[in-house]
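Basis for what follows: all heavy atoms, side chains included, without hydrogens, waters or symmetry-related copies.
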Amino acid sequence: METKPANQSDRKTVLLIALGVVVLLAIIGLVVYALLQDAATTAKIRDIFIIFLALESLLIGAALVVLIVQLASLINLVQNELRPIIDSTNETVNTLRGTTRFLSDNLVEPVIKLNAYLAGLQQMTNLFGLKKKKK
């Protein structure tokens, strides 16, 4: 039953796309019809179209300026705020790496060796019977 709603939404999508294509073709047909009428109407439509293109170019230019300003702000943020944080984090990680190496060399290895010697000593005492076994 889950496939039926998907098929209905697919049908709606196809129907909307087909309707959009039909409307677009109708608009193109009306524009071509209007352009084929007389020269004065064609000139007016051409002038209006040029004005709309100029306004669109202005909007695109303004959007590009805003985009460039935002990109410059992002670059400034990365260089002046994030890079010091990353450098500080890297320095902290290196310090932690050194600390763990120091602890491993000076604390953990001797404790492990001591435990190994004690386990060997315990086995030796068990072997020679020096230690009383628990009942």
Side-chain angles (χ1 to χ4, degrees):
M1 293 198 173
E2 293 180 15
T3 57
K4 288 184 180 181
N7 289 338
Q8 289 176 352
S9 65
D10 289 343
R11 286 182 182 171
K12 287 180 182 179
T13 304
V14 170
L15 183 63
L16 287 175
I17 291 173
L19 183 64
V21 168
V22 169
V23 168
L24 183 66
L25 288 175
I27 290 172
I28 290 173
L30 287 173
V31 168
V32 168
Y33 175 76
L35 289 175
L36 292 176
Q37 293 304 308
D38 58 345
T41 306
T42 303
K44 288 178 185 177
I45 292 174
R46 181 197 63 214
D47 293 341
I48 293 171
F49 187 70
I50 290 172
I51 291 169
F52 281 133
L53 284 178
L55 291 174
E56 182 181 359
S57 296
L58 286 173
L59 288 175
I60 289 173
L64 284 175
V65 167
V66 169
L67 180 67
I68 290 170
V69 168
Q70 290 294 325
L71 186 60
S73 173
L74 177 65
I75 290 171
N76 185 30
L77 175 78
V78 167
Q79 286 182 345
N80 295 328
E81 293 185 22
L82 291 181
R83 186 166 293 166
I85 292 171
I86 291 172
D87 292 340
S88 174
T89 304
N90 195 18
E91 187 177 317
T92 303
V93 167
N94 288 335
T95 303
L96 185 61
R97 187 177 294 127
T99 303
T100 55
R101 183 170 290 133
F102 175 79
L103 286 175
S104 174
D105 293 343
N106 296 319
L107 182 68
V108 176
E109 282 185 21
V111 169
I112 291 173
K113 286 181 182 178
L114 178 64
N115 283 338
Y117 292 140
L118 290 176
L121 183 63
Q122 183 181 12
Q123 288 298 324
M124 190 170 63
T125 58
N126 287 341
L127 181 67
F128 291 128
L130 297 174
K131 182 178 180 185
K132 294 182 181 179
K133 295 183 179 180
K134 295 180 183 179
K135 292 185 179 182

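Atoms CG and CD1, from Asn80 and Ile75 in turn, are 11.5 Å apart once rounded to the nearest 0.5 Å. Atom CG in Leu82 sits 8.5 Å away from atom CG in Leu74 (nearest 0.5 Å). Leu30 CG to Leu25 CG: the interatomic distance, rounded to the nearest 0.5 Å, is 11.0 Å. Rounding to the nearest 0.5 Å gives a distance of 12.5 Å between CG of Leu15 and CG of Asp10.
By the rule that hydrophobic residues join a cluster once side-chain heavy atoms approach within less than 4.5 Å of another member, Leu121 and Phe128 end up as members of one cluster.
Listed by chain and residue number, Ala43, Ile50 satisfy the side chain to side chain contact (heavy atoms under 4.5 Å, CB included) test with Arg46 (two or more places apart in sequence, or in another chain). With sequence neighbours excluded, no residue forms a side-chain hydrogen bond (donor to acceptor under 3.5 Å, both in side chains) with Asn106. Taking the side-chain hydrogen bond (donor to acceptor under 3.5 Å, both in side chains) definition, one finds that Asn90 meets it with nothing, sequence neighbours left out.
Pairing each heavy atom of Asp38 with each of Thr42, the nearest pair is O-OG1, 3.0 Å. Of all non-hydrogen atoms in Pro110 and Leu107, the two that sit nearest each other are CD-O, 3.4 Å. Across every non-hydrogen atom of Thr125 and Gln122, the tightest pair is OG1-O, 2.7 Å.
Hydrophobic clustering, defined by side-chain heavy atoms of Ile, Leu, Val, Met, Phe, Trp and Tyr closer than 4.5 Å, leaves Leu127 isolated from every other such residue. Within the hydrophobic cluster formed by Ile, Leu, Val, Met, Phe, Trp and Tyr side chains joined at under 4.5 Å, directly or through other members, Leu114 is accompanied by Leu118.
Although no hydrogens or angles enter the test, the distance criterion places no donor-acceptor pair under 3.5 Å between the side chain of Ser88 and the main chain of Pro84.
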Pair up each side-chain donor or acceptor in residues 56-71 with any protein partner under 3.5 Å, not counting sequence neighbours, and list the distances.
| residue | atom | partner | partner atom | Å |
| --- | --- | --- | --- | --- |
| Ser57 | OG | Leu53 | O | 3.0 |

